[in-house]
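Labels below follow one simple rule: chain letters A, B, ... track the order of the sequence lines, proteins then strands, and each chain is numbered from 1. Below, each value reflects all heavy atoms present in this structure, side chains not excepted, and no hydrogens, waters or symmetry copies.
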2 protein chains.
Amino acid sequence: MTYCVGMRLDKGLVFMSDTRTNAGVDDIASVKKMYSWEVPGERLITLLSAGNLGTTQAVVGMLEEQHKRREDRQSDLHETNTLFQTARLIGDTVKATIRDAHDGGPMQGSTFHATFIMGGQIKGEEPRLFFIYPEGNFVEATNENPFFQIGENKYGKPILVRAYEPGLSFEAAAKLLLISFDSTLKSNLSVGMPLDFQVYETDALCKGPEKRFEVDDIYYQEVSGGWSHAIKSAFNSLRDYSFEAQPQRV
Amino acid sequence: MTYCVGMRLDKGLVFMSDTRTNAGVDDIASVKKMYSWEVPGERLITLLSAGNLGTTQAVVGMLEEQHKRREDRQSDLHETNTLFQTARLIGDTVKATIRDAHDGGPMQGSTFHATFIMGGQIKGEEPRLFFIYPEGNFVEATNENPFFQIGENKYGKPILVRAYEPGLSFEAAAKLLLISFDSTLKSNLSVGMPLDFQVYETDALCKGPEKRFEVDDIYYQEVSGGWSHAIKSAFNSLRDYSFEAQPQRV
């Protein structure tokens with residue numbers, strides 16, 4: 001499995017992805033699931049991937065190759081005019097990759113499925129964020145729906161729902177994402193350290209600060225340990241239930 | 001879907017279940033998923049169910065009918081000598097129910113699957129807690145693995161992992177379960193209020209206090225609102241990430 005989050009803030013976009021990949025529990029490896037393409041001053045596109053590693057790597061490989069072959073420039077990540085077109089290009093690539101993998105092979109069903117989060121900015125547009133399905137279609141983040149999760153998304157959702165605010169600073173968003181990832185890491189072996197983090201600041205039109213949080217990173221350790229402590233304090237701060245009577249506010 | 005938790009404490013057992021049942025999003029109803037059988041002074045058995053409602057109601061119906069027919073007394077929930085035997089009886093009933101549902105019918109696959117949590121005490125034994133699979137086999141809670149969740153279990157797991165302690169009072173356990181359920185309710189429409197809560201106190205050998213938390217219950221509202229506030233305070237209590245330098249402990 002995998003866990004990735006892309007989040008829209010007033011100040012821009014933030015992305016985080018884990019690096020665990022596994023085929024069963026006895027075949028575990030570490031792989032980067034965050035890819036970026038940039039033309040400084042013109043565009044920045046970041047892609048997060050979850051699902052079958054063969055599919056996600058093929059999709060990224062095809063996107064890279066399209067860029068290298070001149071005759072395909074009309075369908076190149078560096079040439080799309082809007083992020084909507086970019087999402088459609090990636091969606092078509094995903095759909096074609098999954099269709100090819102199924103074609104004539106022995107496997108059926110959803111074995112080759114993969115989902116993607118894509119975000120960034122092309123000059124002349126606002127920053128945008130998309131969720132791309134294995135079927136190749138996609139949805140865009142809105143004010144009501146300002147973040148996307150792919151992969152093992154459930155453990156880390158409650159804290160995002162409770163603590164997300166569009167006005168968060170990038171520094172506070174890093175903290176929020178680390179807590180969400182740490183809750184997932186503590187509950188599910190298929191999500192693993194290190195974690196890749198990237199910031200995109202509105203109108204920068206180039207890659208923002210990046211950071212790989214290793215398991216022994218001081219700030220990650222501080223958040224993980226501090227959150228356990230803070231959660232227990234939060235738990236203790238609420239009044240226990242009383243069986244005696246219909247409880248009254250105190 | 002469904003969300004149910006059974007938890008072993010030093011003082012006994014606690015159970016909580018939601019009441020939402022749905023066939024698609026436009027066919028929603030409320031149903032109790034917590035069943036108890038007791039022989040005061042001799043045994044108390046509580047069962048929580050998740051999965052296909054036809055299966056779970058058939059299992060409970062068969063267990064009830066076995067009790068009423070005298071010739072089946074040897075396979076009666078009220079006659080088993082240990083909770084291990086009880087788990088086996090329920091497991092066999094689950095397996096037979098699912099097998100019968102598949103037999104000759106048009107449906108295939110896991111449509112009829114259901115999982116159960118069963119706990120309680122029979123005189124002469126300690127309180128015990130079991131997780132029963134659709135295949136009819138089961139596992140028992142241990143000190144290392146002191147609670148079971150069935151149904152939509154992922155959203156509510158992180159708080160259980162962080163705040164569970166075997167020494168919790170029943171009153172604090174009620175609070176913990178309400179927080180875990182509230183995190184799930186806030187993230188997933190297939191889990192719904194009201195919530196059923198039951199306590200079993202070690203060696204009581206009869207049903208302990210029960211409570212149905214309706215959505216307008218004062219204590220539930222207090223926990224739900226208070227937890228949102230406490231989580232935000234906990235979040236704010238941790239230092240934000242700094243991009244400037246490798247962070248130092250402050």
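The number of heavy-atom neighbours closer than 6.0 Å to NZ of B:Lys186, taken from other residues, nucleotides and ligands shown, is above 12. Remark: A:Gln198 CD is packed, more than 12 non-hydrogen atoms of other residues, nucleotides or ligands lying under 6.0 Å away. The environment of CG in B:Leu189 is sparse: at most 12 heavy-atom neighbours from other residues, nucleotides or ligands sit within 6.0 Å. More than 12 non-hydrogen atoms from other residues, nucleotides or ligands lie less than 6.0 angstrom from CD of A:Glu152.
A cation-pi contact, defined as under 6.0 Å to the ring centre and within 45° of the axis, links B:Lys175 to A:Phe235.
Ring pair A:Phe213/A:Tyr219 is tilted by interplanar angle, where 30° to 60° counts as tilted. B:Tyr241 and B:Phe243 have perpendicular rings, their planes meeting at more than 60° on a 0 to 90° scale where under 30° would count as parallel.
Ranked by non-hydrogen atom pairs under 4.5 Å with chain A, the options B:Ser233, B:Ala163, B:Ala172 are led by B:Ala172. Here B:Pro158 is the residue among B:Gly226, B:Pro158, B:Ala230, B:Gly156 with the most heavy-atom pairs under 4.5 Å with chain A. Put simply, of B:Ala173, B:Ala174, B:Ser169, B:Ser228, the one with the most heavy-atom pairs under 4.5 Å next to chain A is B:Ser228. Counting heavy-atom pairs closer than 4.5 Å to chain B, the top residue among A:Val223, A:Leu178, A:Leu176 is A:Leu176.
For a residue to count as touching a neighbouring chain, one of its non-hydrogen atoms must lie under 4.5 Å from one of that chain's; by this rule A:Tyr164 does not touch chain B. With a 4.5 Å cut-off on non-hydrogen atoms, A:Phe170 touches chain B through its backbone and its side chain both. Contact of A:Leu160 with chain B is not made at all, since no heavy-atom distance falls under 4.5 Å. With a threshold of 4.5 angstrom between heavy atoms, A:Ser187 approaches chain B through its backbone and through its side chain. With a threshold of 4.5 angstrom between heavy atoms, A:Leu177 does not approach chain B through any atom at all. Of the atoms belonging to B:Leu168, it is side-chain heavy atoms, and not backbone ones, that fall under 4.5 Å from chain A. For A:Thr184, no part sits under 4.5 Å from any heavy atom of chain B, backbone or side chain.
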Apply salt bridge (Lys or Arg N to Asp or Glu O under 4.0 Å) to the pair B:Arg8 and B:Glu140, showing each step before the final yes or no. CA-CA 11 Å; B:Arg8 223 176 67 162; B:Glu140 183 170 4; 5.2 Å; no

